[in-house]
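Computed over heavy atoms, backbone and side chain alike; hydrogens, waters and symmetry mates excluded. Numbers here are sequence positions counted from 1. Whatever order the structure lists ligands and atoms in, that order sets their numbers, starting from 1. Bear in mind the structure is a predicted one, so any value in this text is a computation, not a measurement.
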Amino acid sequence: TERRPALEITGLTAGYNGVPAVRDLSISVAEGEVLALLGPNGAGKTTTLLAAVGLLPAMRGGVVALGTPVRGRRVEKIARAGVSLVPDNRGVFQRLTVAENLRLASGRRARADLAGTLDLFPQLRPLLGRRCGLLSGGEQQMVALAKALLPRPRVLLIDEMSLGLAPIVVQGLLPAVRSLADERRMAVVLVEQHLDIALSIADRAVVLHHGQVALAGPAAQLRERRDLMEAAYFGRL
Ligand code: ATP
């Protein structure tokens, strides 16, 4: 069966104060596909995600999300159309409870989705009344994922899920991400520092170096080619 692209980044140049952080970048992600976006610190991974959700304007090229160009559209509109970002700071309000955080994220169409989302993270149910500041890092990441999933996005962008978490904790969150891609046909971009973790659930991977694609290929293949992965990380390809 043919997979339609859910997110298409074409010739994207974007950056800060007129200085490009990604240059002429082209990446596409299909429905139901998990793409790992890898690369060393400062390679441009976060910049790519920010441009994909319209938070950062393109200097050149552009992004088409769910068939509609992102350029010139309001960020809220893009989000409502079905593109959701889990930021690397997780965007969880520490002083609010889990339930309050989820209520804030869910808007009007709340209830039905809340049940479905809690099914994905059943560990959150007994914690609904607890302040997020009192949760473990892994539990907070679950809240962050749940918040992003409440509007039932069709494109989910996850920035550095593993930040501050033990690899084993991240490993526990990945099956939920994979099943969202498989069962809801969600397109997922997973920015990760831990190569093994990312490659274990991704279909494809792209390694960025200095804002450009240094290496791209099927995750299964790249898992076998650590030499290539390392060369790409150090810009030696
Ligand atoms: P990390 O793994 O460290 O988060 P990254 O791959 O996500 O790295 P980006 O955050 O996209 O990289 O950064 C790419 C480049 O853009 C870096 O050189 C960074 O210093 C620069 N940069 C990022 N954010 C800003 C900003 N707000 N203002 C100016 N430069 C920035």
Side-chain angles (χ1 to χ4, degrees), residues 7-29 34-65 70-71 75 78-79 83-92 137-138 140-141 144-145 147-148 155-167 169-171 173-174 177 187-202 204-217 219 222 226 228-237:
L7 183 71
E8 279 178 291
I9 297 173
T10 313
L12 174 73
T13 297
Y16 311 88
N17 310 312
V19 182
V22 299
R23 258 171 276 111
D24 196 21
L25 188 69
S26 295
I27 295 175
S28 104
V29 194
V34 177
L35 177 82
L37 187 56
L38 310 169
N41 289 122
K45 305 180 295 293
T46 298
T47 302
T48 304
L49 297 192
L50 294 178
V53 296
L55 279 169
L56 192 65
M59 295 160 75
R60 272 204 199 160
V63 179
V64 175
V70 157
R71 177 186 293 280
V75 172
I78 296 162
V83 183
S84 229
L85 171 69
V86 186
D88 56 0
N89 67 12
R90 297 185 185 138
V92 169
Q140 289 199 25
Q141 185 64 60
L145 280 167
K147 284 182 74 165
V155 178
L156 181 67
L157 310 167
I158 307 174
D159 200 355
E160 297 264 359
M161 186 145 84
S162 63
L163 212 64
L165 299 183
V169 175
V170 184
Q171 223 114 43
L173 295 168
L174 290 179
V177 173
V188 179
V189 179
L190 187 67
V191 166
E192 243 322 314
Q193 284 288 348
H194 294 104
L195 296 191
D196 293 319
I197 290 180
L199 293 177
S200 71
I201 73 147
R204 280 189 304 127
V206 168
V207 182
L208 295 185
H209 189 268
H210 281 317
Q212 295 187 295
V213 176
L215 179 67
L222 296 180
R226 286 305 288 241
L228 276 183
M229 293 293 289
E230 270 169 41
Y233 259 69
F234 292 106
R236 282 201 235 99
L237 276 183

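Contact between V22 and G44 at its shortest, heavy atoms only, is CG1-O, 3.4 Å. For the pair A216 and V206, the tightest heavy-atom approach, listed with the atom from each and the gap, is CB-CG2, 4.1 Å.
Checked by atom type and distance alone, the side chain of K45 never pairs as donor or acceptor with a backbone atom of L208 at under 3.5 Å.
Sorted by chain then number, the residues whose non-hydrogen atoms approach ligand 1 to under 4.0 Å are Y16, A21, P40, N41, G42, A43, G44, K45, T46, T47, E160, Q193.
For R204, the side-chain hydrogen bond (donor to acceptor under 3.5 Å, both in side chains) criterion is met by E33, not counting sequence neighbours. Residues meeting the side-chain hydrogen bond (donor to acceptor under 3.5 Å, both in side chains) test with T47, sequence neighbours left out: Y16. Shown here are the side-chain hydrogen bond (donor to acceptor under 3.5 Å, both in side chains) partners of S162, two or more places apart in sequence or in another chain: E192, H194.
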